[in-house]
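In what follows, every heavy atom counts, from backbone to side chain, and hydrogens, waters and symmetry copies are set aside.
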Amino acid sequence: MKRIITLIALAVLFCSPILGLAVELDSIPQREESTLIYKINIMEDIMPSSWRYIQRGFAEADELNAEIILIHLNTYGGLVNMADSIRTKILNSPKPVWVFIDNQAASAGALISIAADSIYMRQGASIGAATVVDQTGAAAPDKYQSFMRSTMRATAEAKGKVPVVENGDTVYKWRRDPRIAEAMVDQSIYIEGVVDTGKILTFTTEEAIRWGFCEGKAESVGELISNVGITEYRLVEFQPTTIDKLIGLLTSPVVSGLLIMLIVGGIYFELQTPGVGFPIAISILAAILYFAPLYIEGLAENYELVIFIIGIILIAVEIFAIPGFGVAGISGIILVIIGLTVAMIDNDIFRDVRPFAWVEILKPLALVGFSLLSGLILSIILSKRLITSPAFPSLMLGSSLSQEDGYVGIDKHQKDMLGKVGVTVTVLRPSGKVEIDDEIFDAISEDGFINKDEKVKVAKDEAGQIYVMRIE
């Protein structure tokens, strides 16, 4: 019995410190787990680079198990198709997406902001003015405006309705009024107390808060997070790499247009000089710089590159193998334009993944057409300037060959060939070579296509050129 009592006493003495420690641990207040917020900066026009940053940023936020994605936005607008892609990404995000408007969220920026779950703005910021404009800043035709109106309306509707108590009754109202979203595009819309007819709607911070297009006001990201009640958080910011920045530069419309002009210019100057040299190398390099970033971005695919290459081959065949300019040349030009244009378009619109919109095709097509035409015109003008420029004396014959010095413009011996019979050395279609009296001459067929090794007769000689006819 004494042994049992002794063992119990020893157990109590041994366990009492552990029990006391357990009590103390339970009494310590548990530290709140920090909230991981992932921030993506868009402080520029909405371009393919912005879409790339959003894609990579959202993917990295998923890998880090971020609880909130925060887009720090300051933009005057940009490409509608890129903004639409970002909008769709935000709407489909399983994580809450906030937008902090640092200064401006105009045009495409307004579309992106409305798609977010929460909008916060600095004092003095603005949101709206989403009218589609062309390269000169003028309003685009109504078909473009119609697309933007419906997109803005659908984005506002996607935020759903919230219960509101009015006169003691609970009614459901749009969290973000679709008509207000449309008024940011269409100046014909009138909303009492909000916007008059003939004006494009743009909200200040206070106005946006009043009409449900802003959840709160903050002067910094830190103040925003504090205002929503998050005290423990970790902020991770997306950092674009050098490759990201380079791709963003190469995919901008201005640089893409310049690259297309270099492609055209290189081909044109190569045709003006014999052999294969520097101009065609410039053209090939420009084509690589044009397609490579679009391929990396996921816009260009293999078939677009194949279309472009086939177009170039057809143009080359037309120039070097077929006289005149016909089906092959025209087909080649069309394929080149298609290849360059479709490479700039997100292929999801052809797979019914996204709503089809002509604006996403017509804008790249206009850019490609303008760049091709400009490149051709500038190449013609530049070639004339280079030929007469003293800086490039080797491009033009510097000495004159006068008749007084015994020079003549044509080979007089060819005139003695009139009426003589020879044999075609090559195919004439219609130009080629013939052999007459054991001499080889350049000749043009007056009978169209003539096969090799056929007998021909010299019909005439004009401007130093022999013309032959088939002997039946």
Side-chain angles (χ1 to χ4, degrees), residues 39-58 69-93 97-116 119 121 125-140 144-145 147-152 154-156 158 181 184-185 200 202-203 213 238 240 244-257 293-294 296-299 344-346 348-349 354-355 357 359-364 366-367:
K39 185 164 80 82
I40 306 171
N41 297 320
I42 302 181
M43 302 292 189
E44 57 189 8
D45 288 345
I46 306 303
M47 296 294 175
S49 58
S50 306
W51 173 225
R52 177 177 176 80
Y53 295 167
I54 289 293
Q55 287 178 295
R56 288 197 55 212
F58 274 57
I69 297 175
L70 175 62
I71 299 175
H72 194 169
L73 184 66
N74 183 20
T75 180
Y76 286 96
L79 299 179
V80 175
N81 56 337
M82 295 296 104
D84 184 42
S85 297
I86 296 173
R87 172 199 81 109
T88 305
K89 187 74 172 179
I90 294 172
L91 289 176
N92 294 332
S93 173
V97 180
W98 298 353
V99 166
F100 174 52
I101 301 173
D102 193 86
N103 188 29
Q104 300 288 342
S107 191
L111 176 61
I112 293 170
S113 300
I114 294 173
I119 303 173
M121 300 171 66
S126 62
I127 178 174
T131 302
V132 181
V133 297
D134 58 22
Q135 301 293 332
T136 65
Y144 300 104
Q145 310 302 344
F147 168 77
M148 193 63 172
R149 280 196 305 268
S150 64
T151 304
M152 291 285 283
T155 305
M184 293 181 178
V185 181
I200 297 296
T202 301
F203 278 149
F213 280 74
F238 171 75
D244 290 328
K245 295 176 181 178
L246 179 60
I247 291 174
L249 175 65
L250 292 175
T251 53
S252 67
V254 174
V255 176
S256 295
L294 295 174
I296 295 173
E297 289 282 347
L299 296 176
M344 301 176 70
I345 301 171
D346 190 344
D348 283 347
I349 67 171
R354 288 175 41 212
V359 66
E360 298 192 38
I361 297 177
L362 295 177
K363 281 198 170 185
L367 174 64

Side chains of [X] and [Y] in contact at under 4.5 Å (non-hydrogen atoms):
X: Pro48; Y: Leu79; answer: yes
X: Trp51; Y: Lys89; answer: yes
X: Met82; Y: Met47; answer: no
X: Met148; Y: Thr131; answer: no

Ignoring hydrogens, what is the shortest heavy-atom contact between [X] and [Y]? Give both atom names and the distance.
X: Ala108; Y: Ile46; value: CB-CG1, 3.9 Å
X: Ala110; Y: Met152; value: CB-CE, 4.4 Å
X: Ile40; Y: Gly57; value: CD1-CA, 3.8 Å
X: Ile101; Y: Ser126; value: CG2-O, 4.0 Å
X: Arg87; Y: Leu111; value: CD-CD1, 3.4 Å
X: Leu249; Y: Ser252; value: O-OG, 2.8 Å

Rounded distance [0.5 Å steps], [atom1] in [X] versus [atom2] in [Y]:
X: Leu70; Y: Trp98; atom1: CG; atom2: CH2; result: 7.5 Å
X: Ile114; Y: Ile119; atom1: CD1; atom2: CD1; result: 6.5 Å
X: Thr88; Y: Ile112; atom1: OG1; atom2: CD1; result: 10.5 Å
X: Ser85; Y: Arg52; atom1: OG; atom2: CZ; result: 14.5 Å

Q.
Set out, in order, the CA-CA distance, both residues' side-chain angles and the distance that settles side-chain contact (heavy atoms from CB on, under 4.5 Å) for Tyr53 and Ile42, then state yes or no.
A. CA-CA 8 Å; Tyr53 295 167; Ile42 302 181; 5.7 Å; no

Q. Is the backbone N or O of Thr151 less than 3.5 Å from a side-chain atom of Thr155, with the two atoms forming a donor-acceptor pair by type?
A. yes

Q.
Whether the side chain of Thr75 engages the backbone of Glu44 through a donor-acceptor N/O pair (distance < 3.5 Å, no angle test) should be reported.
A.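 The answer is yes, because a donor-acceptor pair under 3.5 Å joins these two groups.
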
(Q) Apply side-chain contact (heavy atoms from CB on, under 4.5 Å) to residues Ile71 and Ile90 and explain how you reach the verdict. (A) CA-CA 10 Å; Ile71 299 175; Ile90 294 172; 3.7 Å; yes

Q) Which residues satisfy the salt bridge (charged side-chain N to carboxylate O under 4.0 Å, His left out) test with Asp102, sequence neighbours excluded? A) Arg122

